[in-house]
Amino acid sequence: MNPDLDLALARVIRAPRATVWSAWADPARLERWWVPAPSRCRVDRLDLRPGGAFVTRLSDGGGTFVPHLDACFLAVDPGERIVFTNAVDGTWRPAHPVPVAMTATITFGDHPEGTDYRLVVRHGDPEARALHEKLGFADGWGTVVGQLAALSESAEPPNTDPRSTDTRGTSPEGGDPR
């Protein structure tokens with residue numbers, strides 16, 4: 001981590017790693033924690049694989065859902081790591097995201113009390129990092145990680161049968177939906 005360019009958070013989530021991973025991999029679960037309450041999230045596409053799309057919408061106060069994130073997964077190591085960027089959108093086109101371009105790395109590790117959950121958000125220059133911090137990185141990402149923890153700590157163990165997962169946004173054959 002480069003402190004001039006990156007922001008980070010870490011938390012021990014008192015739930016098994018598979019449960020925390022499931023909260024990322026299941027669109028219905030992701031919608032329950034991905035944006036700070038009381039805002040609501042809708043997952044349009046969650047193709048959790050390298051090159052897959054990560055597209056969400058946001059609703060404040062029960063109003064219309066508006067674009068929130070249009071990103072691309074760069075790396076996915078099931079149960080261990082997710083890397084995505086909003087500098088490339090879900091259709092692999094260069095993007096100019098507002099307010100800042102970023103690449104996020106989320107890692108899931110074993111911990112005696114559950115899951116060692118860590119994230120590093122990388123920025124292209126110190127100004128983008130400073131802007132993201134000023135806009136409330138710690139509060140926003142801290143809030144959603146807290147919501148993820150609350151969901152995971154109260155969750156039933158996930159169904160790990162790959163035939164039962166929601167593949168919203170993927171083609172029936174499992175290939176690239178573009």
Side-chain angles (χ1 to χ4, degrees), residues 9 11 13-93 95 97-98 102-109 114-115 117-121 140-178:
L9 285 173
R11 179 173 179 151
I13 298 177
R14 289 174 174 78
R17 195 162 37 148
T19 301
V20 180
W21 178 265
S22 176
W24 262 99
D26 177 349
R29 286 185 178 193
L30 185 72
E31 287 177 346
R32 294 173 57 191
W33 67 267
W34 180 240
V35 298
S39 296
R40 294 177 45 221
C41 175
R42 177 176 296 150
V43 175
D44 289 341
R45 295 183 61 201
L46 181 64
D47 189 5
L48 196 55
R49 63 180 178 86
F54 183 18
V55 181
T56 62
R57 294 185 176 274
L58 169 75
S59 172
D60 285 323
T64 303
F65 280 88
V66 298
H68 171 248
L69 178 71
D70 190 348
C72 180
F73 291 107
L74 301 176
V76 177
D77 300 313
E80 297 178 9
R81 180 177 69 138
I82 295 171
V83 182
F84 70 88
T85 186
N86 66 353
V88 176
D89 71 18
T91 62
W92 297 357
R93 297 205 181 278
V98 175
M102 64 179 183
T103 299
T105 301
I106 297 95
T107 57
F108 307 75
T115 301
Y117 184 86
R118 297 178 180 270
L119 66 95
V120 174
V121 177
W141 285 76
T143 296
V144 299
V145 170
Q147 292 171 175
L148 168 62
L151 175 67
S152 298
E153 291 168 0
S154 66
E156 293 290 320
N159 180 351
T160 57
D161 181 349
R163 295 169 295 177
S164 67
T165 58
D166 182 343
T167 56
R168 207 174 304 187
T170 61
S171 70
E173 298 79 30
D176 189 331
R178 284 173 285 281

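From a predicted model like this one, the values you see are computed outputs, not experimental measurements.
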Hey, is the main chain of F108 close enough, under 3.5 Å, to the side chain of R17 for a donor-acceptor pair? yes

Please check this pair: side chain of S152 against backbone of A149, looking for a donor-acceptor N/O pair closer than 3.5 Å. no

Show the nearest heavy-atom pair for residues D70 and V55, with the distance to one decimal. OD1-CG2, 3.4 Å

Could you state the interatomic distance from CE (M102) to OG1 (T85), rounded to the nearest 0.5 Å? 7.5 Å

Determine the minimum heavy-atom distance between T91 and R45, stating which atoms define it. CG2-NH1, 4.4 Å

Taking ring pair (Phe, Tyr, Trp, His ring centres under 6.0 Å) as the definition, give me every residue that meets it alongside F54, ordered by chain and number, with sequence neighbours left out. W24, W34, F73, F84

How about I13 and E153: do any of their side-chain heavy atoms sit closer than 4.5 Å? yes

Over all atoms of both residues, closest heavy-atom pair of E31 and V43: OE2-N, 2.7 Å

Distance (rounded to the nearest 0.5 Å) between L58 CG and C41 SG: 7.5 Å

What heavy-atom pair brings A23 and L151 nearest, and what distance separates the two atoms? CB-CD2, 4.2 Å

Which pairs would a plain distance check flag for residues 62-69, meaning a side-chain donor or acceptor within less than 3.5 Å of a matching protein atom at least two apart in sequence or in another chain?
| unit_1 | atom_1 | unit_2 | atom_2 | d |
| --- | --- | --- | --- | --- |
| H68 | ND1 | T56 | OG1 | 2.8 |

Under a 3.5 Å cutoff, is there a donor and acceptor pairing between the side chains of S22 and R29? yes

Quick one: side chain to side chain contact (heavy atoms under 4.5 Å, CB included) partners of V145, sequence neighbours excluded? R11, Y117, L119

Separation between OG1 (T19) and CG (D26), nearest 0.5 Å, reads 12.0 Å

Just by distance, do the side chain of Q147 and the backbone of R32 share a donor-acceptor pair under 3.5 Å? no

Is there a donor-acceptor pair under 3.5 Å between the side chain of T115 and the backbone N or O of A15? yes

Tell me the closest heavy-atom pair linking S154 and A150, and the distance in Å. OG-O, 3.0 Å

Using modelled atom types only, decide if a donor and an acceptor are shared between the side chain of W92 and the backbone of G51 within a distance under 3.5 Å. yes

